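What follows is one structure encoded as structure tokens, with my remarks underneath.
As a basis for the values below, the full set of heavy atoms in this structure was taken, side chains included, without hydrogen atoms, waters or symmetry mates. The sequence lines fix the lettering, A, B, ..., with proteins before strands; numbering per chain opens at 1. Model, not experiment: these values are computed from the prediction.
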Amino acid sequence: MKNLILKMADDALIIGHRNSEWTGIGPLLEEDIAFSSMSQDKIGHAWALYRILNEELGGEDPDKAAFNRSVKDFTCCHLVEYPIGEFDFSLVRHFLMDKAEFHRYDLLLQSSFLPLVNLAKKVKGEIKYHVMHADTWMQQLANGNEESKARIQSALNLVYPIAFSLFEKQDDEQAVIEQKVFVGEDVLKSIWVDDIANRIKEFGLTIPSSIDSSAHLGGRKGYHTDHLEPLLKEMTEVFAIDPNAEW
Amino acid sequence: MYGNTFMTAEEAKQMDQTQDNPQKLIAFEARIERGEKIEPGDWMPVDYRKQLIRMIEQHAHSEIVGALPEGTWITRSPGFKRKLALIAKVQDEIGHGQLLYSACETLGKTREEMLDDLLSGKSKYSNVFNYPAKTWADMAVIGFLVDGAAIVNQVINSKGSYGPYCRALERICFEESFHLKQGHDNFVFLATGTNVQREMVQEALNRWYIPLLHFFGPSDKTSVHSEKLMKWKIKLATNDDMRNQFLDQYVPKIREVGLTLPDEKLKKNLETNKWEFSDPDWDEFYRVVNGDGPCNKERLEVRRFAEEQGRWVRQALVNPQDKYVTPFA
């Protein structure tokens, strides 16, 4: 169960970090604000998850867990690690990821582990707005002009296979399912695939036909893209100045 | 965050040459005298509109350019608490920009025109953002002292005569008071932390001292006065008065935590009730205002990058049937 919570926390922390990079450089001020706001939510979710690990399961202090771990110990998926790129990339990633997050927390409402149920109740309400934001923009840009439609379709072609890294299983998944903590990644994946397919069709876009996600797996076991290490170095830069100090 | 508006001699001269309908002008000035707010559809002198656009636009630009030096520290903020506070703070600043662009639009200039003028260098932003935020301690100094200075200016301006600007400022000041707490907390935390932290914040303070003195604009002795700006309640206090108020409020708080300011002459003259300090090199101030500061180029390049990279998104939203409507609030 620790692994499940840790990977959720790592995913939320890293995507929150990435989306916070839009603050100040968005395509319009309203989007700076929206991405900034969603990144605060995500970092808040990460904080809450590390706190559950710390308070309920004997894990480290949240600041230590997030800001003082080596890259190999992170279990985030590859999807969250990539740089923000242009708005099309960030939007499609946000659309694919938040749909998965929404369904994941929805499924966790049935968890046998009460702290996760309580968190899921709160988080689901927030992610509902992230999903609305993504849907609105996908709809607008997929139906904007020729350039925006082409950009969104090609971002989708690029990001969709990577998004399957969200559902990479961990070694102890069977135990998590048996203890009814979480129904498992396969269940989540199939709900997500159907939901995404429907929405994409509504937007007038197409899902890439042949998917090979194997190159994007490994994050859950500590094998990451080259983007994660520099990100962590940046994230922990101030701590490194005086590691024994409180900041 | 925003400094203070000031004009060149040439601009002041131009302003005094405009002719308005004398009867309307008398009625307008009487309204201001009575403390009434001027609203978007009301008659107003040509220069009133022009100077307000200039000031509100500069203020709006200062918010979004001001988000850049702090924005670079979001990803490096140490710990959840600091990180969340800083993102929220910078997000607020962008929100202030949005609010101010809207206030300025009520006077007849679109946000797009304003952003174009920012990039072409035609309109300015607060000079203080042309200095780099080199270390994490700069977040403490900016959050506490630059925001503190901005609050002095903004609280005064919120008593001005133009309704939409005053209302925007009231909300901005409310949010800024939280920024100040955030900055103060970080400032005191570093000042009372380990030796490394203390040195960091002292070093940052030394670098920001001059830009902070410059923040309120040139000395009253040398800057161009405009009776009209004061009479019309566009400008409500002189540069020196605001600077003095800032030093009154903040020097004791800096000294209280055992930090120093790098100016042996800095002291309050108890007879005049005014602060005295070494001349903060006004030539440098004008150099930086005119584009030759440490970060002028970088700030505008980042804005230009954002504008250009995001253009396709904005264009995709354009509906040819839509017409531009000037906001009325």
Flag side-chain contact, heavy atom, 4.5 Å: Ser37(A) against Gln91(B): yes
Leu84(B) side chain near Trp47(A) side chain, heavy-atom distance below 4.5 Å: yes
Top contributor to chain B interface from Ile241(A), Thr236(A), Asp88(A) [non-hydrogen pairs under 4.5 Å]: Asp88(A)
Greater than 12 external heavy atoms within 6.0 Å of Lys201(A)'s NZ: no
Nearest heavy atoms of Leu29(A) and Gly97(B), plus distance in Å: CD1-C, 4.3 Å
Per-residue contact mode, Gln315(B) against chain A (heavy atom under 4.5 angstrom): both
Neighbour count above 12 (heavy atom, 6.0 Å) for Asp322(B) CG: yes
Distance in Å, Ile64(B) CD1 paired with Asp32(A) CG, rounded so as to fall on 0.5 Å steps: 8.0 Å
Arg171(B), CZ atom: more than 12 neighbouring heavy atoms under 6.0 Å: no
Neighbour count above 12 (heavy atom, 6.0 Å) for Glu147(A) CD: yes
Residues in residues 187-204 of chain B that sit under 4.5 Å from chain A, counting heavy atoms only: Phe189(B), Leu190(B), Thr194(B), Val196(B), Gln197(B), Met200(B)
Chain A contact via Ile94(B) - side chain, backbone, both or neither, heavy atoms under 4.5 Å: both
Residue pair Arg111(B), Glu30(A): steps toward the salt bridge (charged side-chain N to carboxylate O under 4.0 Å, His left out) verdict: CA-CA 13 Å; Arg111(B) 193 200 285 188; Glu30(A) 287 74 4; 2.6 Å; yes
Chain B contact via Asn68(A) - which portion, at a heavy-atom distance below 4.5 Å: neither
Full working for side chain to side chain contact (heavy atoms under 4.5 Å, CB included) between Asn186(B) and Trp247(A): CA-CA 8 Å; Asn186(B) 196 2; Trp247(A) 292 89; over 6 Å; no
Region of Glu246(A) that comes under 4.5 Å of a non-hydrogen atom in chain B: both
Parallel, tilted or perpendicular: rings of Phe80(B) and Phe67(A) (30°, 60°): perpendicular
Neighbours of chain B found in residues 121-135 of chain A - heavy atoms under 4.5 Å: none
Residue, of Thr23(A), Ile43(A), Ile33(A), Ile25(A), that accumulates the most heavy atom pairs under 4.5 Å with chain B: Ile33(A)
Euclidean distance, Glu112(B) CD relative to Leu28(A) CG, rounded to 0.5 Å: 9.5 Å
Pairwise side-chain contact, Ser39(A) with Ile87(B), heavy-atom cut-off 4.5 Å (strictly under): yes
Members of residues 71-79 of chain B whose heavy atoms come closer than 4.5 Å to chain A: Trp73(B), Ile74(B), Thr75(B), Arg76(B), Ser77(B), Pro78(B), Gly79(B)
Considering all heavy atoms, the nearest Gly310(B)-Pro27(A) contact: CA-CB, 3.6 Å
Beyond-backbone contact of Lys83(B) with Gln40(A), side-chain heavy atoms, under 4.5 angstrom: no
Which atoms of Arg151(A) approach chain B - backbone, side chain, both or neither, heavy atom under 4.5 Å: side chain
Could you list the donor-acceptor pairs under 3.5 angstrom formed between side-chain atoms of residues 133-146 of chain B and any protein atom two or more places apart in sequence or on another chain?
from, atom 1, to, atom 2, distance (Å)
Thr135(B), OG1, Ala137(B), N, 3.1
Thr135(B), OG1, Asp138(B), OD1, 3.1
Asp138(B), OD1, Thr135(B), N, 3.2
Asp138(B), OD1, Arg207(B), NH2, 2.8
Asp138(B), OD2, Lys134(B), N, 3.1
Asp138(B), OD2, Arg207(B), NH1, 2.9
Asp138(B), OD2, Arg207(B), NH2, 3.4
Asp138(B), OD2, Trp208(B), NE1, 2.9

Segment of Phe35(A) engaging chain B (4.5 angstrom heavy-atom cut-off): neither
Under 4.5 Å from a heavy atom of chain B, the part of Leu91(A) involved: neither
